[in-house]
Amino acid sequence: MYLHVPFCFHKCHYCDFFSLVEPKGREDRQEAFTEALIRELNAHIEHYQLKPQTLFVGGGTPTLLRPQLWQRLLGAISDAGVLDSVAEFTVEANPETVSAELMHILAEGGVNRLSMGAQSFNPQHLKTLERWHDPETVPRAMLLAREAGIQNLNLDLIFAIPGQTLNDLDQDLDTALQFNPTHLSCYSLIFEPNTPLTQKMKLGRISPVGEEIERDMYDHVMNRLEDADFEHYEISNWAKRVPNALDPETELSGNRWVMPGCCCIIDDDDVFSLSDTQSPAPETRSNICRHNLIYWHNKNWLGLGPSAASHINGHRWKNEPHLGRYIAGSPSPPTLDHEQLPPRRRLGEQIMLGLRLRLGVQLDWLQANLLPDDPRHATIDELIQIGMLEKTESHLRLTRRGLFLADSVIAKLL
C-alpha cells in the first residue's frame, strides 16, 4: 500500500511528482486531506479485504503533515487492521521537517523505516536543484529517528548534477557513509519534462553533465558502495549487507514470493494472502527495501491519495492529481488512466522490471512464459552476444556494461 501526501514547503526544481506548496494560512487543507485519506483507506480496506506486506508514505513531504494529523492517520491505519500484516512501514522525510515529537509519533504508530531526502551535502549543488535544506540537518534528523527507535534509515542521493565533479560526488558518498545508513538510493539526475530545471537547461542557464562523466560517476558509486559493504540489488539502490541475511531475491519461486522477516505471501492471482509458515529470525532480515521489490516484481499494490497509482492483477489506474477534487470525491475520488494490460504487454513489463534487479529474471520463468516463436528470444541472444545481458545458472541479468545503458537495453524487450 502506498499513501501520497502532496504537501511541500517548496517545490524542488527537478521534481515532477504531484505536490503543492503549503503557504501560511492554508494549513486547513492538511486536515481536510487527512480526513479524506482516512475515508479512502477505510473504503478500500473493506472492498479489497487488504492485508498488505508493506506500507509506504511518500510525497510531497509527508513529514510536513502536522503531528496531530499524523496521530489521527496512524490511529486510523491501526484501527483498520493494516499493521497486522505489514512487515515494513516507510515514511519519506525532509530533514528540515524532522522533530523529536514527530519521530516518536511515527515510531509509536508502527513506522520502522525512514527514507531521507539528502540529495547532496554540497550547498551549491543543493541550490542548483532548488533543494531547500541545510546539509547539517541530515545527521540531526537521522539521530532523532534512531533515538525514537527507527533504525532502518535510507538516504537519497542524486549525482550528475550540473556543475558536479567526480570529487564532489566522492565527498557526498563519504559524508553519507559517515552517518551509517542501512540503505542508499543513488539516482542520476533526470531532466523531467515541464520542470523548472529542464526549462533552465533549454534556456542555456545550466548544462547537463556529459555522458562520459555521468558514466564515470555511476561506476564510482558502484565501486565505493561495494567497498563499503553495500549490496547493489537494483539499478539505483544499495542495501547494507547483514551477516547471514536471507536475500529476498532468492525467495522468488514459481508464482509465490515469500519475503524474509514477515508472514505474508503475494500470489499472482490474489490481491494479498497470508501465511504463518514463513517467519525468519530478526537477525536474518535484509536491508533491501521490500516495498520497492513489490513494484519491481510487478506484484499488486494499492495507492491512496491524490495522484497515487495502483496495480491489481494487471489492471492499472491512478487517482486524479487534484487536491480539491480528491477531497470532494472521497472515499471514491476521481480516477484516470485505467488500463488492463494484455498478456504480451504484461509479460514485457515483468521482464523490464525484473531486469532492473541485479539478480535479474529467472530463466525457468522465462522458459515457462516466453512462447517458442516470441521474437524476444532472438533479442535476448543478440543482447548477450554484444555483452549487454548474461545468463547465470538461474537468471538472465544485465552485465556491468549493460547497467550503463539499462533503459535502452530493457526497452528492446518490452
**Study point:** Electrostatic pair E349-R345, nearest N-O below 4.0 angstrom
**Key:** yes
Review point. Between F89 and N112, what is the shortest heavy-atom contact and its length?
Key: N-OD1, 2.8 Å
Practice item. State yes or no: are the ring centers of Y295 and W301 separated by less than 6.0 Å? Key: yes
**Study point:** Steps toward side chain to side chain contact (heavy atoms under 4.5 Å, CB included) verdict (D227, L177)
**Key:** CA-CA 11 Å; D227 290 344; L177 293 171; over 6 Å; no
Review point. Is it the case that more than 12 heavy atoms not belonging to E339 sit under 6.0 Å from its CD atom?
Key: yes
Check your understanding: Under 3.5 Å, side chain of R325 to main-chain N/O of P306, donor-acceptor pair present?
Key -> no
Practice item. Kindly indicate, with the supporting measurements, whether the criterion side-chain hydrogen bond (donor to acceptor under 3.5 Å, both in side chains) is fulfilled by T165 and D168. Key: CA-CA 5 Å; T165 66; D168 292 339; 3.2 Å; yes
Practice item. Apply the test side chain to side chain contact (heavy atoms under 4.5 Å, CB included) to residues N154 and D156: give CA-CA distance (whole Å), side-chain angles for both, the deciding distance (0.1 Å), then the verdict. Key: CA-CA 7 Å; N154 170 66; D156 281 350; 3.0 Å; yes
Practice item. Go through the steps for V86 and I77 under the test side chain to side chain contact (heavy atoms under 4.5 Å, CB included), then give the verdict. Key: CA-CA 11 Å; V86 164; I77 289 170; over 6 Å; no
Review point. Just by distance, do the side chain of E320 and the backbone of P333 share a donor-acceptor pair under 3.5 Å?
Key: no
Exercise for review: Locate the shortest heavy-atom distance separating G348 from R376; write the atom from each residue and the value.
Suggested key: CA-NH1, 3.3 Å
**Study point:** K299 (side chain) donor-acceptor with L293 (main chain) under 3.5 angstrom
**Key:** no
**Study point:** side chain to side chain contact (heavy atoms under 4.5 Å, CB included) evaluation trace for W70 with V57
**Key:** CA-CA 11 Å; W70 262 112; V57 184; 3.8 Å; yes
Check your understanding: Would you say the side-chain atoms of D172 and N122 include a donor-acceptor pair closer than 3.5 Å?
Key -> no
Check your understanding: If you measure from the Lys or Arg side-chain nitrogens to the Asp or Glu carboxylate oxygens, is any gap between R356 and E234 under 4.0 Å?
Key -> yes
Practice item. Considering only NZ, NE, NH1 and NH2 on the basic side and carboxylate oxygens on the acidic side, decide whether R241 and E226 come within less than 4.0 Å. Key: yes
Revision key, fill the gap. Interatomic distance, OG@S332 vs OH@Y326, rounded to 0.5 Å, equals 10.5 Å
**Study point:** Side-chain donor/acceptor of H104 to backbone N/O of A100, under 3.5 Å
**Key:** yes
**Study point:** Under 3.5 Å side-chain donor-acceptor pair for T63 and N94
**Key:** no
Check your understanding: Is the F121-F179 ring centre distance short of 6.0 angstrom?
Key -> yes
Practice item. May I ask you to decide if the ring planes of H291 and Y2 are parallel, tilted or perpendicular, using 30° and 60° as cut-offs? Key: tilted
**Study point:** Test: R358 and E231 ion pair at under 4.0 Å
**Key:** no
Point to revise | Where H183 and N287 come nearest, the two heavy atoms and their spacing | key: CD2-O, 3.4 Å
